Amino acid sequence: MTDARPVRVRFAPSPTGPLHIGGVRTALFNWLFARHHQGKFILRLEDTDQKRTVPGSAEQLMGALRWFGLDYDEGPDIGGPYGPYVQSQRVDLYQQWAQWLVEHDYAYPCYCTPERLKQVNEEKEKRGEQSGYDRHCRNLTAEQRAAREAEGITPVVRFKMPLEGETVVHDLIRGQVTFENALQQDAVLLKSDGFPTYALAHVVDDHFMVISHVMRSNEWLPSLPLHWQLWDAVGWERPQFAHLPVLLNPNGKGKLSKRHAGFTQDGKQVLVLAKEFMDAGYLPEAVVNFLTNIGWSIGDDSEFFPVSKTIELFDLARVNPADSVYPIEKLDWLNGMWIRSLENDDLARRLRPVLEAAGLEVNTDVLLKVTPLVQTRIKTLNDIVDMAGFFFREEFQPAASPDEVIQKKMDAESTRDALELAYDHLAVVSTWTHENLEAAMRALAEELGLKVGQLFGSLRVAVTGQQVSPPLFETMEIIGREESLRRVKLAADQVAAVE
RNA sequence: GGCCCCAUCGUCUAGUGGUCUAGGACGUCACCCUUUCAAGGUGAAGACAUGGGUUCGAGUCCCAUUGGGGUCACCA
């Protein structure tokens, strides 16, 4: 890159609803690029469509970016030297430049009604021609314009696309792309409500905000010739462009969307919204790590690494131009990797709100002891509720059925006997440590001619109420002698009832 | 349909003309470890879409075909 301008990139979403994971990815790549080059990452809100703007979504969006660690240097809520960073607050600027374009014959007012536009299209279709505006108002005389104005029609402003030749654009990821001008449209720049369209607004803003690189999803590539010509018309120095590959639906069809995402093989719903990832118990580090491995690779075969490493090595040249189905199954793996990499108190700190949200009362001492036990066993933070919620429940919930206590090749009677003997042996264990407990129970299993799996299995269900749990004796150690014994007794009685 | 982009295991990817009988990861399967479940260890199956060129030599370059995606708004 020979561009000497300081790196300034932006993420420019429109606050029209919840943030999509694809948006997070676009933001992430911009952020990585900025951080790698010690440049600035800017957040700009593109709220020029009054009808679609939904209140509160801007705040949610900013919250999500922060949750993912994508801090911006300039933005709506923090300001900056080139503000305001909300397009609805810059309408005068766009109108001024729309006016300038008209005065310099790069654009023209168009008085056509939506009805006429629709009619033109239908007729063209009937004749088998390409659809599109017929440029009816492009060559109106001053008198004709005056007449329309006199009728009280508020025009839109359309760009005068060159009628001949071609526009050769340059994309950092794909190289040169050539478009035929005759096939382009005279796009609307300023709507009749006085607000600009994306084409005008982003060019004006990118210029006045001194944006050096425009990195956006490749859905924008087809409109690049229009933007390219617009930059030429106003005569400003163009930023460099990079059109990022998009995320595709895992179920095969189309770009990733809430509507069509579907379910994975194991029946889990495919997550699409940023908030869904936040709520599902994923670590921001894991989601960021996950996203960096799609369409970009670090180059050395590793896939689990901190974002600091990504910043260090991030390079647009390594961005894969092909779209990709997002490998959602890797997220669980990466999340597990990240969970296992956390220090105990850090993991405990993140686990606490999950337990509290499930209505459990969290004792810090217990949590700190439970955390290492679940660390290799949970894929998401939320998994702790099912795996170890019993540590924090007010009242013990025994297994739903005594059948769960009874292990294979055993019956109610032998199980009850084993449990009662276990009770006696546990009651006299010298010091209540998991080592002592395990030694005592192994001895008992041998004495009874049971496999450890049989005895331990019954005890596990007795003590935890679950077939799957953290290691049995560590669990009993945390629960304590009295409560453990009570539960063993309870299970023995429960089994006895079916004899 | 027009235009544009893209094309390596099921999926994410490495691969920038010879080191590719194509490497890694997730997932899957098997075995080991093991008190359940995980984690961990070992191993297995699994891909250059097709057809033409260019070249001494092509996964890598060119063309076509096929397939996929995007886009054709007074939405971004």
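Predicted model only: the values in this text are computed from it and were never measured. Within every chain, numbering begins at 1; the chains are lettered A, B, ... in the order of the sequence lines, protein sequences first and strands thereafter.
The side chain of R52(A) contributes no N or O atom lying less than 4.0 Å from OP1 or OP2 of rA76(B). Contact annotation: T48(A) reaches the phosphate of rA76(B) (side-chain N/O to OP1 or OP2, under 4.0 Å). Here S297(A) reaches the OP1 or OP2 of rA14(B): one of its side-chain N or O atoms lies under 4.0 Å away. When the side-chain nitrogen and oxygen atoms of S223(A) are compared with OP1 and OP2 of rU71(B), none of them lie within a distance under 4.0 Å.
Residues meeting the side-chain hydrogen bond (donor to acceptor under 3.5 Å, both in side chains) test with N382(A), sequence neighbours left out: none. Residues passing the side-chain hydrogen bond (donor to acceptor under 3.5 Å, both in side chains) test with N289(A) are W338(A), sequence neighbours excluded. The side-chain contact (heavy atoms from CB on, under 4.5 Å) search around E125(A) returns none, not counting sequence neighbours. With sequence neighbours excluded, the residues that form a side-chain contact (heavy atoms from CB on, under 4.5 Å) with Q89(A) are P84(A), V86(A). Partners of L183(A) according to the side-chain contact (heavy atoms from CB on, under 4.5 Å) rule, which considers only residues two or more places apart in sequence or in another chain, are E180(A). Taking the side-chain hydrogen bond (donor to acceptor under 3.5 Å, both in side chains) definition, one finds that S297(A) meets it with R318(A), sequence neighbours left out.
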(request) Begin with the C-alpha distance, continue with both residues' side-chain angles, and end with the deciding distance and a verdict on side-chain hydrogen bond (donor to acceptor under 3.5 Å, both in side chains) for E164(A) and N181(A). (result) CA-CA 6 Å; E164(A) 301 172 335; N181(A) 292 152; over 6 Å; no

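To the nearest whole angstrom, the two C1' atoms, one in rA14(B) and one in rG68(B), are 22 Å apart.
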Hey, what are the protein-to-nucleotides 5-7 of chain B N/O distances that come in under 3.5 Å?
unit_1: rC5(B); atom_1: O2'; unit_2: R174(A); atom_2: NH1; d: 2.6

Check: protein-nucleotides 28-32 of chain B nitrogen or oxygen pairs below 3.5 Å:
none

Enumerate all atom pairs, one protein N or O and one N or O from nucleotides 40-46 of chain B, separated by less than 3.5 Å.
unit_1: rG40(B); atom_1: OP1; unit_2: R340(A); atom_2: NH1; d: 3.3

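For the pair F456(A) and I378(A), both in contact range of RNA chain B, the more 5′-proximal nearest nucleotide belongs to F456(A).
No cation-pi contact links R135(A) to Y133(A), judged by a cut-off of 6.0 Å to the six-membered ring centre and 45° from its axis.
Applying a 4.0 Å cut-off to non-hydrogen atoms, the residues of residues 184-192 of chain A that approach RNA chain B are V188(A), K191(A), S192(A), listed by residue number.
Residue L347(A) holds its CG atom at 5.0 Å from CD of Q375(A), rounded to the nearest 0.5 Å. Going from atom CD of Q99(A) over to atom CG of L190(A) covers 9.5 Å, rounded to the nearest 0.5 Å.
The existence of a salt bridge linking K255(A) and E219(A) is confirmed by a sub-4.0 Å separation between a basic side-chain nitrogen and an acidic carboxylate oxygen. A salt bridge between R44(A) and D206(A) is present, with a side-chain N of the basic residue lying under 4.0 Å from a carboxylate O of the acidic one.
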(request) Going 5' to 3' through nucleotides 19-24 of chain B, assign each nucleotide B (protein heavy atom under 4.0 Å from a base atom), S (under 4.0 Å only from sugar-phosphate atoms) or - (no protein heavy atom that close). (result) ----BB

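Within the structure, side chain to side chain donor-acceptor pair (under 3.5 Å) contacts touching residues 298-307 of chain A (residues at least two apart or in different chains) are D300(A)-S302(A), E303(A)-K330(A).
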